[in-house]
Amino acid sequence: MITPSPEMEDIGRKIERLTLEPESISAPLTRLFRPLLHRIGWRPKASVESLRALLAQIQWVRHSGGAIEDCRKLLDAARGELRDNITQVERATVINRRPLVAHAAWLRRLYDLVAHAEVAMRSASPGALALAATNDGARLLPPMAMGKARPAEHDARADEHGHTRVDAAGVDQGNESKSPPQPFADPTRVLELQLDTIDHLMAAAREEDALLGRRRRLLDVARQLLLETAAALTLEEDGVQQRLQSISQQITRINRYQAVGLLPDVALMHQARTALSRGERDKLFAALSVMQRSAVDRGDPATTSITTDAVDRLLTQYSAPDQEQQQRHSLGRSAQEIFGDRVVEAISQGYRRGRRHHLDRDEPDTDPWAAKQVRDYFAPGRERDTLAHILSVDGCFEVGGVLSPVRIQEQYIQHRVVPYPTQRL
């Protein structure tokens, strides 16, 4: 159970007031200029740079063993940034005269991240550090912004003869007693709800802690809805790209988990117990990694502490001394498990031939810019970049089919005559 500081409790009450008591917001200057601000379409300005820097520093402390006290100034800056964001949303609530539910949910996510960072500063335990640092970057993103929607027209209009006046819903205003006018839906509000659905789907996928297949389906639906919405509306490009990147990373991670041997439609806890009983260390590590990330996304300190301790114990058995080498080793293992040794070796041979052909030759007539691009492309270690790209193909493109070999399945149906009832006779 997280016990926030008095300052964080005050911030939490302000966030709750945005939806429970929006009329109690004190913003006299904003209320005075509300008609003008509403006409020009004023929107709240979001900032998460201080919080992003804080989480990155905690992540560095967690892996390098540095002093957690070095994060104190960053924590104070993140709290101040959160207060500024709350002030911006309060002004928008007054201007729009309705609660901004999506922005309030976003502020609550930021509040949880700052609260976890505060707890990590006090305890500095591996579980608390993991809960504060192991987060999906998409949780920091504010609600997606869009262009102003054209408001519904309620004014009456006369036909060319001036006999009948009909409003936008087709109601004869000269005879309203017979057919009462229907209420109009705010098109801006409808579109905001549709955009919020994308973040809800991504949150549901992050918090799915039982089945990998269900998580993948939620991510696929979120990606499809995001691509279709971005094609139909003018959305903020940075928010769309960061969400697509987050979905791509999660789908790629699921492919890597399946390559180790995790089944998409079997409970992760059952697979972890089975792997432990059979001594399958890689499969156990993958299952615990999924459970740890799910616990972090749910904000579960107890489960995060247990799974982090188990994952760290398994990590100490690897020969790589630092995080960067562990990541390279993990990437190479995933490429071999998904695509096979032949594909990985073919890529390595292609780079070796490219270096012999392009880098070992002295061609004075070559354009300097082109020569630099070739040297950068065939530089040592670029093979890992290529492997990372092909591993993320399934998460980056929507082509209507499966691109990762680990998800390709072939079914062979054999008909047999059996002496007992079956589902198919």
Side-chain angles (χ1 to χ4, degrees), residues 15 18-19 30 36-56 77-78 81-114 135-151 185-206 218-251 297 392 395-398:
I15 296 175
L18 291 173
T19 53
T30 302
L36 175 62
L37 295 174
H38 182 71
R39 176 175 291 275
I40 65 177
W42 186 90
R43 291 178 178 177
K45 296 180 180 179
S47 176
V48 294
E49 296 306 319
S50 297
L51 180 55
R52 200 186 300 274
L54 172 63
L55 299 181
E81 183 182 67
L82 179 56
R83 287 187 177 276
D84 293 340
N85 289 329
I86 293 175
T87 302
Q88 291 283 318
V89 177
E90 286 178 344
R91 292 172 180 171
T93 302
V94 172
I95 293 172
N96 291 281
R97 292 182 175 176
R98 59 177 174 81
L100 302 182
V101 180
H103 285 80
W106 167 64
L107 290 173
R108 189 68 194 184
R109 292 196 299 268
L110 299 186
Y111 170 85
D112 291 338
L113 294 176
V114 175
N135 281 285
D136 182 11
R139 297 183 65 185
L140 299 174
L141 298 178
M144 284 190 294
M146 60 182 180
K148 292 191 298 183
R150 185 178 181 182
D186 183 1
T188 303
R189 182 59 180 155
V190 172
L191 288 177
E192 286 179 357
L193 293 174
Q194 292 176 353
L195 294 178
D196 295 345
T197 303
I198 299 172
D199 288 335
H200 286 309
L201 288 171
M202 294 179 63
R206 285 193 300 266
L218 288 169
L219 291 171
D220 286 337
V221 174
R223 179 178 58 181
Q224 180 179 358
L225 184 59
L226 179 58
L227 292 174
E228 292 176 352
T229 306
L233 300 174
T234 303
L235 302 178
E236 183 182 4
E237 186 67 20
D238 185 60
V240 173
Q241 292 302 321
Q242 291 192 49
R243 284 172 173 81
L244 288 175
Q245 183 179 4
S246 173
I247 294 174
S248 171
Q249 291 174 349
Q250 294 185 64
I251 292 178
D297 290 328
S392 61
C396 292
F397 299 100
E398 178 64 42

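We number each residue from 1, following the sequence as shown. Both backbone and side-chain heavy atoms feed into the values below; hydrogens, waters and symmetry mates do not.
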Min side-chain heavy-atom separation M144-L226 under 4.5 Å
yes
R91 CZ to L37 CG distance, which is reported to the nearest 0.5 Å:
9.5 Å
For the OG1 atom of T19 and the CG atom of L107, what is their distance to the nearest 0.5 Å?
10.5 Å
Drop me the distance from I86's CD1 to Y111's OH, to the nearest 0.5 angstrom.
9.5 Å
Between K45 and D84, is the closest basic N to carboxylate O distance under 4.0 Å?
no
Quick one: CG on D199 to CZ on R109, what's the gap to the nearest 0.5 Å?
5.5 Å
Of all heavy-atom pairs between W106 and A46, which one has the smallest distance, and what is that distance?
CH2-CB, 3.4 Å
Got a donor-acceptor contact below 3.5 angstrom from the Q242 side chain to the G137 backbone?
no
Nearest heavy-atom contact between A92 and P44 is CB-CD, 3.7 Å
For E228 and Q224, test the side chains for any donor-to-acceptor distance below 3.5 angstrom and give the result as yes or no.
yes
Considering all heavy atoms, the nearest E81-S50 contact:
OE2-N, 3.0 Å
Side-chain heavy-atom pair Q250, R206 within 4.5 angstrom cut-off
yes
Salt bridge D220-R223, side-chain N to carboxylate O under 4.0 Å
yes
Considering non-hydrogen atoms only, spot the tightest contact between R139 and L113 and give its length.
NH1-CD2, 4.0 Å
Spacing of T93 atom OG1 and L18 atom CG [to the nearest 0.5 Å]:
5.0 Å
Of L36, T30, I95, which is the lone residue that meets side chain to side chain contact (heavy atoms under 4.5 Å, CB included) with W42?
I95
Quick one: CD1 on I198 to CZ on R243, what's the gap to the nearest 0.5 Å?
7.5 Å
Looking only at non-hydrogen atoms, find the nearest pair between D136 and D297 and report the distance.
N-OD1, 4.4 Å
For V101 and D196, run side chain to side chain contact (heavy atoms under 4.5 Å, CB included): C-alpha distance rounded to whole Å, both residues' side-chain angles, the deciding distance at 0.1 Å, then the answer.
CA-CA 9 Å; V101 180; D196 295 345; 5.8 Å; no
